[in-house]
Structures are given as structure tokens and as C-alpha cells.
Amino acid sequence: MNISGLDHLKGKPIFVTGATGFVGKRLVPALLDTGAKVTVLLRSRHGVRALEAMGAHVVTGALGDRAAMENALRDQDVLFHLAYDMRAPAAENLDTFDTLRQAADAAGVGRIIHISSIVVYDGWPQEDLTEDSPLSQAGGTPYRQAKMAMEQALIQGNCPVAILQPTLVYGPGSMLWTDRMADWMAAGSVVLPDPEGLCNAVFVDDLVQAMLRAAVLDDLGQERFIISGAAPFAWSDLLTGYADIIGRGSLRRIPLDTLKDGLPPEETGEVPDTPPLAARLSAAARTRIGRERFEKLVHMVKRRLPAQGEMHPDRYMLELFATKGHCRIEHARTRLGYAPAYDLQAGLAATRAYLEARYGK
């Protein structure tokens with residue numbers, strides 16, 4: 001990546017959590033390419049050999065171990081915090097985050113690059129959003145509440161921090177916005193509302209670009225940045241793009257009001273902070289056999305199942321499929337120099353080889 005100031009990272013000690021996740025797998029090689037001295041935290045030995053072969057130093061341990069984290073973070077110039085365990089309760093994620101933040105303060109970390117989410121804003125996904133949009137409204141999922149609490153703690157702290165708030169991150173390895181959607185198309189067809197809404201999304205390498213720019217930003221305070229692609233695009237363009245790559249799948253449109261009328265009654269009250277049984281079993285399996293082996297096994301099993309036919313959106317996906325909100329990136333462009341390099345066509349082209357391999361093309 002041709003980013004002004006990246007030469008300042010050469011030889012600098014940098015610490016990364018979530019290095020084996022979807023975004024982390026793209027960030028770590030990019031950091032190593034700058035000449036940075038990269039240390040990554042893993043919960044187990046799974047993945048150690050590959051990271052060490054790339055040139056990273058690996059520390060195994062738990063985010064919630066205050067003494068171990070303080071020792072690991074000592075003399076680190078930059079902490080990239082990507083880790084969030086979707087298979088654990090949000091309260092547990094928040095507790096481990098607080099431990100890591102306190103350890104970073106005690107160790108004297110130079111700055112923190114924290115990955116949050118666009119969901120913290122009250123107006124997501126219906127409204128146009130900027131960094132000045134409200135994010136004070138109570139409610140929402142435990143995930144949203146945890147992300148809001150993390151942001152608030154960092155904003156009130158003393159350590160310089162760039163809080164990146166990506167929209168929907170797609171690309172090779174995105175379980176939600178590439179793998180799952182391609183699986184829907186492979187199984188038959190997907191129903192979209194009429195009228196169709198806009199997809200605010202960012203290709204993973206553009207998010208990595210923003211993270212690198214934040215790492216070398218002069219005079220960083222405690223700042224937030226919405227990170228998305230250059231412009232929203234139609235959901236149908238994303239889905240048909242996947243279908244074109246894998247060679248199957250179609251779309252059907254149904255009036256939005258008809259789809260809304262067909263939804264079950266909306267549940268009221270507080271959303272329980274308890275991951276489903278499948279998520280807990282997934283976490284246990286990943287710990288025992290490793291993340292990549294587990295995900296390959298799941299995909300193999302899915303491919304052998306009979307086609308599911310037509311995917312109708314649930315309440316959450318219907319809201320996304322119908323929204324017209326636009327997440328603005330002018331602040332990231334101006335302050336970070338962020339310049340998204342991937343429109344949808346380029347993002348799909350960069351995802352093609354991954355999906356072709358995944359579907360045996």
C-alpha cells in the first residue's frame with residue numbers, strides 16, 4: 001500500500017489481538033511489509049507456525065490475564081485491538097477488554113487502534129451517519145452495548161486512540177458478508193424487498209488501509225472514524241456478483257410491505273446476553289482443532305447438505321436490505337487521508353479466487 005508515513009513503522013514494536021480473524025489475517029502481513037516488529041496474541045498454539053513463518057512474534061495467553069498482558073504490552077508503540085469473541089457473552093468480552101485497556105495504560109502503550117462497529121450509532125442502519133451522529137440511545141443487542149461501552153472507556157482515557165467504525169466488511173474470509181451470502185446463493189435463491197435498499201460496505205483491504213493510516217497519524221487524540229467504501233451499492237449487485245463467481249443462485253423480489261407482514265411478532269424486552277448453543281459448541285470445537293480446520297469442516301458439511309431453496313430475510317436482514325441510509329466517510333478522508341481503493345467491482349474481483357476455491361470452481 002502506498003501510504004505516506006508508513007516508513008515510520010519500520011522497526012517499531014506493534015502488538016495485534018485478533019490476528020487469526022478475518023481482518024487480522026490481512027492486517028498482519030501488511031504490517032510486516034512495513035518492516036514493523038509485530039507481536040500477535042493467540043489463545044492457543046493453533047496458527048503459531050504460520051505466523052512465525054511470516055516473521056511475526058507470537059505470544060500465547062488470555063486477554064483477561066492482566067499481568068500477562070501488561071508484560072506483553074510493555075514497550076509496544078501501537079496496539080491494534082481487533083479481538084471480539086462472538087461466541088462468548090458480550091459482558092465477558094467487555095471484561096476482557098477492560099483488562100487489556102488497563103494493562104495497556106500501565107505498560108505505557110503509545111497508541112491504540114481499536115476496531116468498533118457502525119452499529120453503535122442510534123440511526124444505524126436507517127439514517128445517514130457521520131461521527132457526530134447520536135450514539136447515546138439505550139437498547140439494542142448486547143454486542144452493540146459492549147461496543148458502545150468500549151468506545152466510551154477509550155474516549156475518556158489518556159492514551160491516544162483511533163476508534164474505527166467499519167460498516168459491513170466483505171472479502172475473502174468474511175463469514176457474514178461473503179461466505180454466508182454466497183452460501184445463500186449456492187443453495188437456491190434469495191428474496192429481496194421491492195423497493196431495494198443500499199448496502200454500506202467496505203472491502204477488507206480498505207479497512208486495513210485505514211488502520212495503517214491511523215497508526216501513523218500525527219497528533220492523534222481520542223478520535224472516531226467511520227470506515228466504508230467510496231459509495232453504497234445495491235444489495236442485488238453484491239449478491240449477483242457472488243452468484244456470477246460461483247455459477248449459481250438467483251434473486252426474487254417481493255414487495256417490502258408483504259415481507260414485513262410475513263414476519264413473526266417482534267420480541268420485546270431486553271435481548272439476553274447468552275450466545276446460542278451452536279455458538280458455544282463452535283467455540284469449543286475451534287479451541288480443540290483450530291479455527292481454520294473447523295471452518296473448512298463446516299463448509300464441507302454444508303456443501304453435502306441438500307439445497308435449502310429460497311432464503312427469506314429475517315427482521316434484521318430485511319431492515320438492512322431495505323435501508324436507504326448512507327454512512328459518510330468524509331472525516332476519515334480528511335483526517336486520515338483514507339482513500340478507498342475498492343469499489344464493488346474491484347472487491348468482487350479480489351474475492352473471486354477465494355470463492356472459486358471454496359466452491360470447487
Side-chain angles (χ1 to χ4, degrees), residues 1-3 16-33 47 50-51 54 80 82-84 86 113 115-119 125 164-186 190 198-214 225-247 249 291-292 295-296 298-299 302 317 320-321 327 329 332 336 338-361:
M1 294 183 185
N2 185 21
I3 299 174
V16 180
T17 73
T20 59
F22 162 49
V23 178
K25 287 179 180 178
R26 312 290 280 205
L27 173 66
V28 170
L31 287 170
L32 289 169
D33 284 346
L51 284 162
M54 292 169 56
F80 285 90
L82 285 67
Y84 189 99
M86 296 298 292
I113 313 301
I115 302 303
S116 185
S117 171
I118 196 68
V119 303
L164 303 190
Q165 301 166 318
T167 53
L168 311 180
V169 188
Y170 74 102
S174 171
M175 292 183 65
L176 291 178
W177 308 113
T178 296
D179 294 357
R180 180 179 63 164
M181 293 193 154
D183 285 346
W184 286 346
M185 298 302 277
V190 175
L198 295 173
C199 176
N200 287 270
V202 57
F203 185 71
V204 59
D205 287 353
D206 278 338
L207 174 56
V208 169
Q209 178 210 143
M211 296 167 72
L212 295 176
R213 290 184 182 277
F225 301 94
I226 292 175
I227 305 298
S228 195
F233 45 76
W235 281 99
S236 55
D237 290 342
L238 177 64
L239 289 163
T240 56
Y242 291 152
D244 289 344
I245 293 172
I246 66 176
R291 180 193 186 104
E292 288 194 11
E295 290 177 358
K296 287 179 180 178
V298 169
H299 179 61
K302 284 183 176 179
M317 286 307 304
L320 287 180
F321 282 165
C327 299
I329 59 172
L336 294 178
Y338 172 60
Y342 293 85
D343 59 11
L344 178 59
Q345 183 177 3
L348 289 171
T351 307
R352 174 175 289 276
Y354 166 80
L355 284 178
E356 287 180 341
R358 193 168 188 266
Y359 289 92
K361 292 285 288 182

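On a predicted model such as this, the values are computed, not experimentally measured, just so you know.
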Practice task
Quick one: closest heavy-atom pair of P340 and I329, and the distance?
Solution key: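 Closest heavy-atom pair between P340 and I329: CG-CD1, 3.9 Å.
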Could you list the residues that satisfy side chain to side chain contact (heavy atoms under 4.5 Å, CB included) with [X], not counting sequence neighbours?
| X | value |
| --- | --- |
| A83 | T17, L63, H81 |
| A353 | none |
| L198 | P232 |
| A214 | I113, A162, L336 |

By ring-ring contact (aromatic ring centres under 6.0 Å, His included) - contacts of [X] (at least two apart):
| X | result |
| --- | --- |
| F321 | W235 |
| Y242 | none |
| Y84 | Y143 |
| Y338 | none |

Exercise for the section: May I have all residue pairs that pass salt bridge (Lys or Arg N to Asp or Glu O under 4.0 Å) and include part of residues 165-174, sequence neighbours excluded? Expected result: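 Those involving residues 165-174 do not exist here.
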Practice task
Return each pair, listed once, that meets salt bridge (Lys or Arg N to Asp or Glu O under 4.0 Å) where at least one residue sits in residues 338-355; pairs must be two or more places apart or across chains.
Solution key: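 Non-adjacent pairs meeting salt bridge (Lys or Arg N to Asp or Glu O under 4.0 Å): R352-E356.
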Practice task
Output yes when a side-chain donor or acceptor of N200 lies under 3.5 Å from a complementary backbone atom of C327, and no otherwise.
Solution key: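 Such a contact is found between N200 side chain and C327 backbone.
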Problem - side-chain hydrogen bond (donor to acceptor under 3.5 Å, both in side chains) partners of T351, counting only residues at least two apart - result: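 Scan of T351 (side-chain hydrogen bond (donor to acceptor under 3.5 Å, both in side chains), adjacent residues dropped) gives none.
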Handout entry: Listed partners of Y342 passing side-chain hydrogen bond (donor to acceptor under 3.5 Å, both in side chains), at least two apart
Key =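 Scan of Y342 (side-chain hydrogen bond (donor to acceptor under 3.5 Å, both in side chains), adjacent residues dropped) gives none.
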